[in-house]
Every structure is written in C-alpha cells, then in structure tokens.
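These figures come from a predicted structure and were not determined experimentally.
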Amino acid sequence: MRIHLLALTLMATPALAESPLTALVAEYETGPAYIFQNDGRYGPTGTQYDADELNQKANLYRTQRIALEARLGERHGIILLYAPFDITTRATLSRDIDFRGTVFPAGTAVDSRYLFDGYRASYLFRLINGERFSWDIGASVQIRNALVDLSAVDGSRYVKESDIGVVGALKTRLRYELPSRVWAGLEADALSTFGLLGNTTGGIYDVALTLGIPLNTKGDVSAYARLRLLGGGADVKRRDIYNWGNFGFAVVGVQADLVSLVERGLSKQ
C-alpha cells in the first residue's frame, strides 16, 4: 500500500508543478441582504411601483454565493460565480397596480416573487503582483435568470415577466496582505450604457469590501467578512420593461486554495 501511495505522490507532484494552474480558490459566503430599492413597471400601461408597496423592505433575506477562481501563472485568473437571489413577499395593495395589462385593485392581498439569479464568468489580468499588494483588471460576462410575478392570494389573478439575458461589465480587484496574513480586498464589477443604446438604458454594479483572517499558518484557508452593494437595472422601451434595484449584503465566508491543500497533503505522505 505504501509503495502505491509513494508512486502516486511522485507522479502527482511533478504534474502539479508543471501545470499552469498555480491556485484554485474555492469560496462560499452567506448572510443577510436588505433591499434599499426595487422599482418596477411592466407593460405599455403598467404602473410603476416600489419595494415598500410589496413589503420587500420589511425583512432581511438570507443569501449565498459560490465562486471558483483558477490562477494561471502569475498574471491570469478566471473566476466562475453562482449568485442566486430569490424572495417572495406578501402585501395588501394601497392602490391599483397594472402589471402587463392585468389590474390588481387596491385592497388586494398579493404575493410577489422577485428572482434574479446570476451566473458570471470573469477574466482578470494582474497588473501589480507585489509581495503584499496586488491589483487585477479585467471583464465579466453574466447570464441573468430573472423573473418577477404578482399573484392575488385568492387565486383570481396571476401575471409574470421573465427573461434570460447576457450582461457584460468591467472588473477590478485590489488586495493587501499584512505580514500576519490578515488581508483586505476591494472588488468591483460595473458597466453603464450611458444612454448610448437608443431604446435601452441600463447599468450594473457589484462592489465588495472584504476583511480576511487566515485559518492556518500558510494562509491558504481564510475566513472573511464582506460588505457588498449590488444594483442596476434597465429601461427597455421596446419591451415596455423598467426595473431598477439596489441591494446591500453583509456576509461571512470561507475560501481555500485547493491546489495548495493538495500539494501539502501529498508532501506529508
């Protein structure tokens, strides 16, 4: 058995050393989110409404994200991210709301669902790769899976608006690490059309400030606390859609470099 383990170690260690994959960082975070703004209007005769009218500001909502970052050499990085967001609230309408031609009269008790799942891929190029400080720039492409619906609690009315689309953004990330391996990071994805697309005006931003604490001496496993502001939306006149939202997140998470952990595990065998 020891001979087989030794053979596997000898084969795996050179393979890892020669691979362009220098790090593979897995990350998971969870925590509460708050809706600062969530305005919507759907349909040519649609009524514009806000988060207060649907009781979306009455509670915090549990959220989570999963990310995997592959570092290729000293300069290149690819990140895959899954960020689900799905909430349902109940409210009694204080006025009539027209949603895609279906009118929900004042006094109607309604359930409202707001779904906005994000599947994001990012590329980063490391401009500065210092011993303590690093700075990356790049771009992201996100596939959004969005759904908004209203349904009367008594079952008399139901209407929805759903969409699958692609959104691009510029990306940057800064990180500073102390000699103790405690680290701080600032990461941002953002883009605006600036009204240049004719009948569509839109934008997106995702900005996060992070403080990380190592959980081992090597620093390849860390716990962190993160504050995030996420927002954006679009006014698409050809489809009679308007939605704009701003959300805040206060999360905790853990990240681990899987390549480093495997290499250390193999070296101990």
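- In terms of heavy atoms, L227 sits closest to A250 at CD2-CB, 3.9 Å.
- Under the 4.0 Å criterion applied to side-chain N and carboxylate O atoms, D86 and R113 are assigned as salt-bridge partners.
- Taking the six-membered ring where the residue is Trp, the centroids of F116 and F85 are separated by 6.0 Å or more.
- Residues satisfying the salt bridge (charged side-chain N to carboxylate O under 4.0 Å, His left out) criterion with E187, sequence neighbours excluded, are K171.
- Using a 4.5 Å heavy-atom threshold, the side chains of R228 and F247 count as separate.
- Aromatic rings of F99 and Y42 (six-membered ring for Trp) have centroids within the 6.0 Å cut-off, being under it.
- Ion pairing of E161 with R100 is present here, as a side-chain N (NZ or NE/NH1/NH2) and a carboxylate O approach within less than 4.0 Å.
- One finds no salt bridge joining D39 and R41 here, because no Lys/Arg side-chain nitrogen approaches an Asp/Glu carboxylate oxygen to under 4.0 Å.
- Between R71 and D257 there is no salt bridge, since no side-chain nitrogen of the basic residue lies less than 4.0 Å from a carboxylate oxygen of the acidic one.
- Atom NZ of K57 is surrounded by more than 12 heavy atoms from other residues, nucleotides or ligands within 6.0 Å.
- The pair R65-D206 meets the salt-bridge criterion, with a side-chain N (NZ, NE, NH1 or NH2) lying under 4.0 Å from an Asp/Glu carboxylate O.
- When every heavy atom of L21 is checked against every heavy atom of A70, the shortest pair comes out as CD1-CB, 3.7 Å.
- Cluster membership check: L147 does not share its hydrophobic cluster with Y242, using side-chain heavy-atom separations under 4.5 Å among Ile, Leu, Val, Met, Phe, Trp and Tyr.
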Are H76 and F125 close enough, and set up right, to give a side chain to side chain contact (heavy atoms under 4.5 Å, CB included), and what steps lead you there?
CA-CA 5 Å; H76 306 282; F125 178 79; 3.8 Å; yes
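- Checked by atom type and distance alone, the side chain of T92 never pairs as donor or acceptor with a backbone atom of T108 at under 3.5 Å.
- Under a 3.5 Å cut-off, the side chain of D50 and the backbone N or O of E53 do form a donor-acceptor pair.
- Residue I35 holds its CD1 atom at 3.5 Å from CD1 of I87, rounded to the nearest 0.5 Å.
- Side-chain contact between L72 and I78 is present, with at least one heavy-atom pair separated by less than 4.5 Å.
- A donor-acceptor pair shorter than 3.5 Å can be found between the side chains of D189 and S140.
- Remark: the D220 side chain and the S260 side chain contain an N/O donor-acceptor pair separated by less than 3.5 Å.
- At least one side-chain heavy atom of L261 sits less than 4.5 Å from a side-chain heavy atom of V221.
- To the nearest 0.5 Å, atoms CG (D98) and CG (D96) are separated by 9.0 Å.
- From L115, atom CG reaches atom CG of N145 across 5.5 Å, with rounding to the nearest 0.5 Å.
- Under the 4.5 Å side-chain contact rule for hydrophobic residues, Y176 and L211 share a cluster.
- One hydrophobic cluster, built from ILVMFWY side chains closer than 4.5 Å, cannot hold both I143 and L191; they sit in different ones.
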I'd like to know whether L230 forms a side chain to side chain contact (heavy atoms under 4.5 Å, CB included) with F249, so could you lay out the CA-CA distance, the side-chain angles of the two residues, the decisive distance to 0.1 Å, and finally the verdict.
CA-CA 8 Å; L230 171 69; F249 302 77; 3.7 Å; yes
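- A donor and an acceptor atom, one from each side chain of N243 and D235, are nowhere located under 3.5 Å apart.
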Pair R144, D163 - check side chain to side chain contact (heavy atoms under 4.5 Å, CB included), show working.
CA-CA 8 Å; R144 68 172 184 274; D163 179 60; 2.6 Å; yes
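- Among all heavy-atom pairs drawn from A169 and I204, the shortest one is CB-CG2, 4.3 Å.
- The side-chain heavy atoms of R126 and W135, taken from C-beta on, include no pair separated by under 4.5 Å.
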For L124 and I137, what are the C-alpha separation, side-chain angles and deciding distance, and is it a side chain to side chain contact (heavy atoms under 4.5 Å, CB included)?
CA-CA 5 Å; L124 286 172; I137 62 169; 5.7 Å; no
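- Rounded to the nearest 0.5 Å, atoms OG (S222) and CZ (R181) are 9.0 Å apart.
- Taking the six-membered ring wherever Trp is involved, the centroid distance between the rings of Y34 and F36 falls below 6.0 Å.
- Rounded to the nearest 0.5 Å, atoms CG (N246) and CG (L229) are 8.0 Å apart.
- Heavy atoms of other residues, nucleotides or ligands lying less than 6.0 angstrom from CD1 of I164 number 12 at most.
- Looking at N55, its side chain never comes within 3.5 Å of a backbone N or O of A58 through a donor-acceptor pair.
- Counting heavy atoms from C-beta outward, Q37 and W244 have side chains that approach closer than 4.5 Å.
- For the atom pair CD1 of I128 and CZ of R75, the computed distance is 9.0 Å after rounding to the nearest 0.5 Å.
- Transitive grouping of hydrophobic side chains (ILVMFWY, heavy atoms separated by less than 4.5 Å) keeps L215 and W183 in distinct clusters.
- Under the 3.5 Å distance criterion, the side-chain polar atoms of T89 are matched with a main-chain donor or acceptor of L54.
- Using modelled atom types and a 3.5 Å distance limit, the side chains of Y61 and Q56 yield no donor-acceptor pair.
- Residues L80 and A121 approach most closely at CD2-CB, 3.9 Å, considering heavy atoms.
- Between S134 and N129, the side chains place no donor N or O within less than 3.5 Å of an acceptor N or O (distance only, hydrogens not considered).
- Counting only distance, with no hydrogens or angles, the side chain of R157 and the backbone of V103 share a donor-acceptor pair below 3.5 Å.
- In this structure, Y158 and L150 have side chains that are not in contact, with every pair of non-hydrogen atoms separated by 4.5 Å or more.
- Proximity of L81 to I66: side-chain heavy atoms (C-beta onward) are nowhere separated by under 4.5 Å.
- The shortest distance between side-chain heavy atoms of I79 and L68 does not fall below 4.5 Å.
- With 3.5 Å as the limit, one finds no donor-acceptor pair spanning the side chains of Y224 and Q255.
- The existence of a salt bridge linking R226 and E27 is confirmed by a sub-4.0 Å separation between a basic side-chain nitrogen and an acidic carboxylate oxygen.
- Looking at R175 and D136, no side-chain N of the basic residue comes within less than 4.0 Å of a carboxylate O on the acidic one, giving no salt bridge.
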